[in-house]
Amino acid sequence: MNIFDRMVALDRRWVFLFLFVVVALAYFFRSQFSVGVVTTGEVESIYNFIENAQPGEKILVSFDYDPSSLAELHPMSRAIMLHCFRKGVKVVTVTLSQYGAGMVEEITREVSAEASELYGREIVYGEDYCFIGYRPYPAFVILGMGENFRVFFPRDYYDTPLDEIPIMHRVRNYDDLKGVIAITSGTTSDMWIIYGNARYNMPLSLGVTGVMATDYYPYLGNALFGLIGGWKGAAEYEKLVKQEADANEGMPAQVVAHLTIVLFIVIGNLGYLMTERKKKITV
Amino acid sequence: MSKTKMTAWVVFAFVIIAFAVSVALKGALVTVGAFLTLFIFSFLYKDNPYYKFAEHLFVGVSAAYWMCMGFWGTMVPNLFGKLYPPMVGGVLPALKDNPAEPFMIIPLILGILLLMRLAPNAGWISRWALAFIVGTTAGLNLVRYLRSDFIQQINNTTFSLYISSAAGFDFGQTMSNIVIFIGVLCGLIYFFFSKEHKGAFGAGARVGIIVLMVTFGASFGYTVMARISLLVGRMQFLFGDWLGMIK
Amino acid sequence: MVFTVSLFMVIQYFVPLDSWAWMYQYLIDWTIIIGVFALLLGIWSLLRVNWGKISRRSENWGYAVITLVGLFVMLIFGFFPGGGNLNNYVYEHFFFYILVPIQATMFSLLAFFIASAAFRAFRARSVLATLLLIAGLVIMIRFVPMGPLSEPISDLASWILKVPNLAAKRAIIIGIGLGAVATALKIMLGIERAYLGRD
Amino acid sequence: MKYILPGFLVALLLLMALSVTAIAQEQDETVGEDVDTLMQPIEQEPPPKPVITAGEDRPNDNGHKLTIYWDYPQEATGKIDYFEVYRAESPDGEFKLRGTSPSNYFEYFDIGDSDENAEDYLENDKDLYYKVVAVVEDGPSSESDVAGPYHAVGQWFHTGKVPVMIAVIIFAMFTIYFIQSARKGKDLFVRPLAGIEAVDEAIGRATEMGKPILYVLGIGTAADIATIASFTILGRVAKKVAEYQTDLIVPCYDAIVMSVAQDVVKSAYLEAGRPDQYSDDQVFFVTNAQFAYVAGVNGIMVRDLPATNFYLGYFAAESLILAETGNSIGAIQIAGTDQVTQIPFFVVACDYTLIGEELYAASAYLGRDPLLLGSLKAEDWGKAIFMVLLAFGVLAVAFGWEGFREIVRVNL
């Protein structure tokens, strides 16, 4: 058995071992080296969207995920909110996920505290952001908010009437917002496209998990103006707002894992092509 | 004692000692979680008694878990609670005063019919329950799929092939739209069953399968990211939560 | 039976009245309840198979005991002391410290399998396999910083995800939609009867 | 026959065009009367009065909802904070606050509950009266006159769903037509599918090797289309297996799926003349937790070493775990699912993959049942119609007729 035969018939357990060791090392030493994340157009367009907003303009951020997808989606939620607070863009938050309310409350509180520290100004509930709560049946809520936020949310999560919240003043529906960013881990993303964008035509972009992302690329440029997919997308956004955190810390592991897989594919193909050539000669 | 048996006992002793040490140092709960995690990972090397243990435990516990969830989450509030509310008053006081809904006797009967299949020679009765379930969803699927997978798709694919932007005629976008249009048509041609893939039709089908393959490769490549995230999550548990080596 | 309920489900889609929505809700509730009854059948089958293994003392019968012990411990704590809720110590801890870690670990095995599948199957055997390979590689190396090459690769990756991806998924979805509708119709008309256990 | 398809298409387009005109309803809004502002001798002068102009039922719903419109002088909107909308069941009854609207919008969508025990129940076909208050938070507010009666009504037919209904009717007609012609014995051609051709070979291989065959129905319920298609294939496979006297293992995820699979396999064995070889131990329940099921099936694979694995049905993330484990034991693997996200993994890791619709078609292929083949023909016509509509749509848009997209839009 020569080297090329071995390359073709390599026991997959070597692949497993190698991958495990490499990912573990990269994760251990994640703070030692940083990877240059290449930003992509679909993430940049969300960044630019907020960057070009005037202070005082409002966006709706919908956190449609539950704690099980928190690890993957939380970094992008944080980066987007920090960016808004830095620009003075006001954030209206909502959740369409049954188990999302407690989580959103926590995220908004944490991020606003962090932003207060970072940007040296108090981020105030009601002035800079608000959380209007959760209602079931996402499709109907999305349609309802297109009519008037008060249809499903007469009061916010803390039971304050919407008209008494300064940012909701004179905000009736999507028309009064600069746009909507929905961070979702399930079918609500389809609903935002079908019932939100198609019907009310507001600028919409999505933040989704890595598995879902390929399903939503096709909507870029028509229904969506931007898309953030998984850790990579979140890492790009963190880089754009210069607030590198969780997603960027995960990137070394991601990069070496991808490199490992690419390497093994190359080994496999090299071996395959060489043995094939030899076969042709002998026959 | 053969050599393999010896090794097995040594490994077993090692696992037991490690388990005991871990319980002493880190507490029982996180230790159980960590060892079960390692047992499952050991399957990557080969099937072994530790994986078998975790697997069989997992199957038994999960089956019971869903049975209990189904009972307390569905049967009690939606069947008993509606059929005769006072019956569940003890556990779900909120439902106690609701009016009884006699119609709920129907699923009870259908459910019992379903169980009749355990009795010999009465298996055919259970088909009534199956017919009910399948019939209901068939009707639902009929309209749902036609709406979302057929009509909605026509709407989505009907776009202008010719794109001009502020800068004038947008060549790239126009080409992309043409590729999408042709791609969809050829993809559909590939799925034709009653026509032989020959000549121009065959060429269309060939283009269709090419587009499909490119897509499959891309989806596969993209998913790697999500799967590695899962692995990193497990490492965080093993090295962070359990061993405390990383924060 | 099948025809009546399925026809009702089709018609209710077009009728927004309360009374119809009410019937619809009932039908959905019923199917869920019947599903729970069926779980009993499942548990019965599980018991039967494992008990069979134990009584025959077949290979690995010891593991069948583990399954049954896990099942009964969980069932007992799930049904009796709870008093209507499942907040008892054993039930919750079995869930958090046995089910959750094993589940997450099984899921994370995918990281390894996706690597081994890529290694084994991404070979340039034919034109189609090569296309699969190239598309996969482009998407994967978009992660890796590669200096001046990064930009065009990331653009190409985006294009693949936006254009061929859209066309292919749409074609598949339309096919599935039509196939599903045809199957639903066949069930309504009583042509497809395999689900009743006979052809 | 030649004219049937074009005929259908023309009829379809006509019907769709009609439906669009039906949807476009005219709103009759009465022009508001002049607002007479009362001058009051206090420091702060109250804002002008809103004038309710209309209260309309929402079309295409179950009732319980009304939209209230009012007029308000544009220049006065800056002076007020918001509007409050009140409702009562008689003009001099008790008015209850329904909600608010920002000062720059002059309409309110009153959604009542459809449950008569609910607090904000809005009864259908009942006289309802409204008034609107322009609120100034730290000053006097002004109230509109009571307007009404308005009614909320439930509709019998959802006009926004007309395209779906047309599609249902056309598709049902196609299917019935082709099934009828298949019944008459018309021979229908179907192209070969590699995955299906391989079934016989795969079963034969297992027999030669003396190893069992593993058939996984996926994690769908008995009502999922993919599972139903898989039952039919299971029946064919089981019959062959019984004829060859090979072992068949069917671990199940769903209990109902298990009962059906037992019946399917039992009757297949009966058909093959070997009812004695069947036992309920072949088709058994594992558990209905996704990954526990995978763990169990993986265990079966590495211990029973099947020569052939079938994965046909509904699959989620477990697809690749199963397929890779199956590959590691050297089994021939035939997979098929309608889950778009999982198809790539099967394509990569299995020998043969039925992509999406091919899975549904497989049952007809294996059975060669003219009735089932007839419906394949109907599916093909559906695709042809789709392609024609698509081409038509693209042309329509190219010539600037956006109306076409409106026809094929389904409103919720």
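Lettering follows sequence order; numbering is per chain, from 1.
- Contact between C/Arg142 and A/Lys232 at its shortest, heavy atoms only, is O-CE, 3.9 Å.
- For the atom pair C/Phe119 CZ and A/Thr260 OG1, the distance stands at 13.0 Å (nearest 0.5 Å).
- For an aromatic pair to be called close, the ring centres must be under 6.0 Å apart, and A/Phe16 with C/Phe113 satisfies this.
- For the pair C/Arg125 and A/Tyr272, the cation-pi criterion (under 6.0 Å, within 45° of the ring axis) is fulfilled.
- Ring geometry for A/Phe20 versus C/Phe112: interplanar angle under 30°, hence parallel rather than tilted (30 to 60°).
- Residue A/Thr214 comes nearest to C/Asn165 through the heavy atom pair O-ND2, 2.6 Å, listed as atom of the first residue, atom of the second, then distance.
- Using a 4.5 Å cut-off between heavy atoms, C/Lys169 touches chain A through its side chain atoms alone.
- C/Met140 approaches A/His258 most closely through the heavy-atom pair O-CD2, 3.6 Å.
- Just one residue in the list A/Asn269, A/Leu273, A/Ile265 forms a side-chain contact (heavy atoms from CB on, under 4.5 Å) with C/Arg123, and that residue is A/Asn269.
- Side chains of C/Leu166 and A/Tyr217 form no contact here, defined as non-hydrogen atoms less than 4.5 Å apart.
- Contact annotation for C/Ile160: neither backbone nor side-chain heavy atoms come within less than 4.5 Å of a heavy atom of chain A.
- For a residue to count as touching a neighbouring chain, one of its non-hydrogen atoms must lie under 4.5 Å from one of that chain's; by this rule C/Leu137 touches chain A with the side chain only.
- Taken to the nearest 0.5 Å, the CG atom of C/Leu161 stands 10.0 Å off from the OG1 atom of A/Thr40.
- Shortest non-hydrogen contact noted between A/Leu19 and C/Ala111 is CD2-O, 3.5 Å.
- Highest contact tally toward chain C, considering only A/Ile261, A/Val23, A/Ile267, is held by A/Ile261 [criterion: heavy-atom pairs under 4.5 Å].
- For A/Leu10, the parts lying under 4.5 angstrom from a heavy atom of chain C are both the backbone and the side chain.
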